[in-house]
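Quick note: numbers below take in every heavy atom, side chains included, and nothing from hydrogens, waters or symmetry partners. Within every chain, numbering begins at 1; the chains are lettered A, B, ... in the order of the sequence lines, protein sequences first and strands thereafter.
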Number of protein chains: 2
Amino acid sequence: MSYTISEAAEKVGIPPTTIRYYDKEGLLPDIKRRNGIRVFEDIDLRLMGLLTCLKDTGMPIKRIREYVELTKKGDASLQERYEIIKAQRQFVMDQIEQLQFYLEELDFKDWYYNKALAAGTASVISFDDYERETGKKAPDDPKNRNG
Amino acid sequence: MSYTISEAAEKVGIPPTTIRYYDKEGLLPDIKRRNGIRVFEDIDLRLMGLLTCLKDTGMPIKRIREYVELTKKGDASLQERYEIIKAQRQFVMDQIEQLQFYLEELDFKDWYYNKALAAGTASVISFDDYERETGKKAPDDPKNRNG
DNA sequence: CCTTGACTTAGAGTTAACTCTAAGTGATAC
DNA sequence: GTATCACTTAGAGTTAACTCTAAGTCAAGG
């Protein structure tokens, strides 16, 4: 199946302008052309799916290009590409862990504002209640301002 | 306990230059001064901990300032602040879910490169093996290039 | 044949979040 | 008393990742 740039954009959820930018940056090698116009195949959309994964998990475009360059070398670059994927996989696991930590901070704030809204004021909230009610340590001390 | 900007920087893991930038942007209201020099208290460090949480979970500095401005209004802004925290909490949960999805894509790639390295080539890998071995659908079709 | 609409380019402009520069102040060490 | 050192400021510069602009090409419809 073949697609124009706007069809491809629709499919992968990236604006056509951004796809052109990625192409210019060397992230989409060997895109076919007909009369100068890009023709995208399913294989290209799959690669763009991987690029989206790498980009959205925080890999800079420069590094994604390195990865794409390596794929062009074929089997000779398997080890190097594996290292990149392995590092990114670890990076994503670390990010999830970090976000779960931050989520606990926000869980506390959520609890805090619920209490405060019920009481009509933030001035009566006790740090210890959170631990008593949830079994978790409050990441912040609600006795003070800046809640 | 009181701290200089570089001590505070050390404590919260943000460079002094960036703390000054946040101050200039209105993220740190009411920091005390002695002879023109900022004096940080524990309460300030706790607020900076929350700012780090909001910033690292993707809230723009502009929006963080809005939140900080609201805290200065006291109990009158509890509901508004709660809405911000609730939205950010949901946003973090969505991010975690998204990252877990991407992690599966990278898990597949990890499996793929392990197979390829064992075989010495990527050309023999079967899409179906991944489903057979892991019970999961391969997010990409390894029969093609750009692996 | 001419208009329309989607495509093309090079290159300039934008935005967020820093990061640096230059010039200066004030407390402490020698 | 002067050198040093951490602090201060306004404002300029940087970086990444787009995003827009202007000028142009090409195929299809009326």
ask   = What heavy-atom pair brings A/I14 and A/I19 nearest, and what distance separates the two atoms?
value = O-CD1, 3.8 Å
task = Please name the pair of heavy atoms, one in A/V124 and one in A/A119, separated by the smallest distance, quoted to 0.1 Å.
result = CG2-CB, 3.8 Å
message = Under 4.0 Å from OP1 or OP2 of C/dT25: is there any side-chain N or O of B/N35 that close?
response = no
inquiry  = Can you measure B/E25 atom CD to C/dT19 atom P for me and round it to whole angstrom units?
reply    = 14 Å
inquiry  = Salt bridge check, B/D107 against A/R89: does any charged N sit closer than 4.0 Å to a carboxylate O?
reply    = yes
request  = Rounded to the nearest angstrom, tell me the gap between atom CG in A/L27 and atom P in D/dA16.
outcome  = 14 Å
query = Has B/Y22 got a side-chain N or O lying under 4.0 Å from the OP1 or OP2 atom of C/dC18?
reply = yes
query = Which parts of nucleotides 5-11 of chain D does protein reach within less than 4.0 Å, heavy atoms only, written one letter per nucleotide 5' to 3' as B for base, S for sugar-phosphate only and - for none?
reply = -SSBB-B
key: Atom pair distance, as rounded to whole Å: CE in B/M59 and P in C/dA16   = 15 Å
request  = Could you check whether A/P15 gets within reach of a base, just the sugar-phosphate, or nothing at all, counting any heavy atom under 4.0 Å?
outcome  = nothing
request  = Decide, yes or no, whether a salt bridge links A/R20 with A/D23 under the criterion of side-chain N to carboxylate O below 4.0 Å.
outcome  = no
query = Under the side-chain hydrogen bond (donor to acceptor under 3.5 Å, both in side chains) test, which residues partner A/E41, sequence neighbours left out?
reply = A/S2, A/K32
inquiry  = Can you measure B/K62 atom NZ to C/dC18 atom C1' for me and round it to whole angstrom units?
reply    = 17 Å
query = Which whole-number value in Å describes the distance from B/Y21 OH to C/dA16 P?
reply = 9 Å
ask   = Could you state the NZ-C1' distance from A/K32 to C/dC7, rounded to the nearest angstrom?
value = 17 Å
message = Parallel, tilted or perpendicular: which one describes the rings of A/Y67 and B/Y113, with boundaries at 30° and 60°?
response = perpendicular
query = In whole angstrom, what separates A/R63's CZ from D/dA17's P?
reply = 13 Å
key: Whole-Å distance separating the CD1 atom of A/I14 from the C1' atom of D/dC18   = 12 Å
ask   = Can you tell which of C/dC18, C/dA27, D/dT19 lies closest to the side chain of A/T18?
value = D/dT19
B/Y112 six-ring face occupied by B/K115 cation (under 6.0 Å, within 45°) = no
